[in-house]
Amino acid sequence: VTGRVEWRWAIAALGLAAMPLALPEYPLFVLSLTLVNAIAAMGVNLSMGYAGQVSIGHAGFAALGGYTTAILMTRFGASYWITLPLGGVLAGAAGFVIGLPTLRLSHLYISMVTFGFGQVVSLVVLNWLPVTNGPNGIAVPPIQAGAYVFAPDSFYWVIAGAFVLLVWLARNLVRSRLGRSFVAIRESETAAEAMGVHLAKYKTMAFAVGAAYGGLSGALYAGLSNFVNPDAFVFLVSVLYLTMNVVGGLGTLTGPLVGAAIFTVMPEMLRGFAEYKEFISGALLLLFLVFFPRGLTGIVGDVFRRWRHA
Amino acid sequence: VAFVAQVIVSGLTLGSLYALTALGFVIIFRATAVVNFAQGEMMMLGAMSALALHKDFGLGYLPAFALTLVGALGLGIVIERVASRPLMDAPPFTVILSTVAVGQMIRSGVRAFRGNELSLFPPVLSTAPITAWGITFTPLAAGIVTIALSCLLAFLAFFRWTRIGWAMRATAQNKEAAALVGVSVPRVFAVSWGISAGLAAAAGILLAPLVTITPDMGVIGIKGFVAAILGGFSSLAGAVVGGFLLGVLENLAGVYISSAFKDAVIFGVLLAVLIVRPAGLLGRTGLQRV
């Protein structure tokens, strides 16, 4: 069985790699954006879907990654290949620092703290003019590898590569002892603790990894759009990452990707109804929470299983 | 000293509104152990509705106020029914997410209705400054603080002396025991959400003459949230104290640090309090029941 699963992965990765041959420039850009969003949503999924620790400020971590890249590249001429991982590391460190004291408390505190964190990052980015250039944002120079300069369509390769790597990491993580501890925490903290799971340690770890995914997503976004501004990292975006997970399916590996695809493509399709798209995504979030808490992947999985047993 | 006193007094106006909103957060939290992230939107809705009734329908300020309060009460009860009650047995974070969803629906719904237009509320009281005992304030500010305090006292009296107030306190202490002695716990939930929405709307109506009204003004409601955390999140008195304290702190930060960064300072305070003393100023860390 394992062999077959590995094959499925190889096919999926090959499919992703073939996309630039099949897609024109604009859909390819949307696909890149989908993968960038999916990485942030995976981060939320690792801390919330697996370990049960909600993050209502994940856009703050993405902002850390995006602005780290933009500032270091423009001010210090740093290479993107250094700022990209650095953005992830910094965001992960921020997640660790935030998680360390608060995750020892009840789950409500982490929702409040992440919310506060997201707001602080938004406000700082908006108001710290000398460093972040405020509402006007920062133009990120084109990303280079040696003498080669990436265009948005060729930058897809970078994003797809990072995506495959991060999915692979997440998959191995959730199947390890660590990931099983996460799920145990989600199901019952008391029971997990009684079975010897070090609650604070594992919760903080889940949270820091989730934050690092957010930071990497922000840095990739900066490379893709060659621009960062505060609008890209507002509260609404944090909510969107949550919505992607709930609609796609929390605690599954494919859920965040499905959700990211829906909520990246939908706004592009609904250009004419821009003022309703927030309402629609809010309504979808509520609808899925109440009626389909397992998300689309859960529904599809159920249908598939019934069909196979029929 | 006179200057500091002035800054403090000016902070009380907003502080009283933060106290109202904070109280709303705490009431819901005590009843259903949920943090209602739609509270700021209820506040915005209060301001919007008062504006529409007053300006477009020509109602007086007080009738508009009363009508808005009743509407908010009803909406709070509806939200509890739709977004909280069906999720009582779900994992704890789902209800938090559902309030986030409700907030987003209210915000974008209002925006779809009114657009992003910035509206000003016609001043209901004079804004000509008066000086008494060396401190300058406007009749408008004094009126706002007075009404806010009346709302606070009215709620506390309700909480202390009415049957449903007792039921709310009993439910906060122990749901099963309250249900055993005949308290209708679902009704307590509904009333708690209704009152909480009413308090937020009241804060919104009072805030309306002070700021520009936009669909995004609910962000100010977040301050009530910070105030509630300052006060310990489960203590009613703490919420009120936290509200006033936050209003004053914010004003001091605006004067002594930077007005652009005063909001960031406030959230910095929030993070610091949660990290150093998560039980807040007046709260107690409860035991976690299994």
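Remember, predicted model here, so these are calculated numbers, not experimental data. Throughout, protein chains are lettered first and strands after them, A, B, ... in sequence-line order, and every chain is numbered starting at 1.
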> With a 4.5 angstrom heavy-atom cut-off, which part of A:L289 approaches chain B: side chain, backbone, both or neither?
Replying inline: both

>> Can you tell me which portion of A:I56 sits under 4.5 Å from chain B's heavy atoms? Options are side chain, backbone, both or neither.
In response: side chain

> Considering only heavy atoms, which portion of A:F235 lies under 4.5 Å from any heavy atom of chain B: side chain, backbone, both, or neither?
Replying inline: side chain

> Out of B:T94, B:L97, B:V34, which one racks up the most heavy-atom pairs below 4.5 Å with chain A?
Replying inline: B:L97

> Quick one: of A:L250, A:I280, A:V120, who has the most non-hydrogen atom pairs under 4.5 Å with chain B?
Replying inline: A:V120

> For A:V246, is it the side chain, the backbone, both, or neither that has a heavy atom closer than 4.5 Å to a heavy atom of chain B?
Replying inline: side chain

> Side chain, backbone, both or neither: which part of A:F291 has an atom under 4.5 Å from a heavy atom of chain B?
Replying inline: neither

> Rounded to the nearest 0.5 Å, how far does CG of B:N36 lie from CD1 of B:I96?
Replying inline: 10.5 Å

> What pair of heavy atoms forms the shortest contact from B:A47 to B:M217, and how long is it?
Replying inline: CB-CE, 3.7 Å

> Taking all non-hydrogen atoms of both residues, which atom of B:F25 and which atom of B:A228 are closest, and how far apart?
Replying inline: CB-CB, 4.1 Å

>> Would you say B:T21 and B:Q39 are linked by a side-chain donor-acceptor pair, where the criterion is simply a distance under 3.5 Å?
In response: no

> Yes or no on side chain to side chain contact (heavy atoms under 4.5 Å, CB included) for A:T243 and A:F288, after CA distance, side-chain angles and deciding distance?
Replying inline: CA-CA 9 Å; A:T243 311; A:F288 271 81; over 6 Å; no

>> Please classify the contact of B:V226 with chain A as side chain, backbone, both or neither, using a heavy-atom distance under 4.5 Å.
In response: neither

> Just one of A:F117, A:Y213, A:F96 clears the ring-ring contact (aromatic ring centres under 6.0 Å, His included) bar with A:F61, so which one?
Replying inline: A:F117

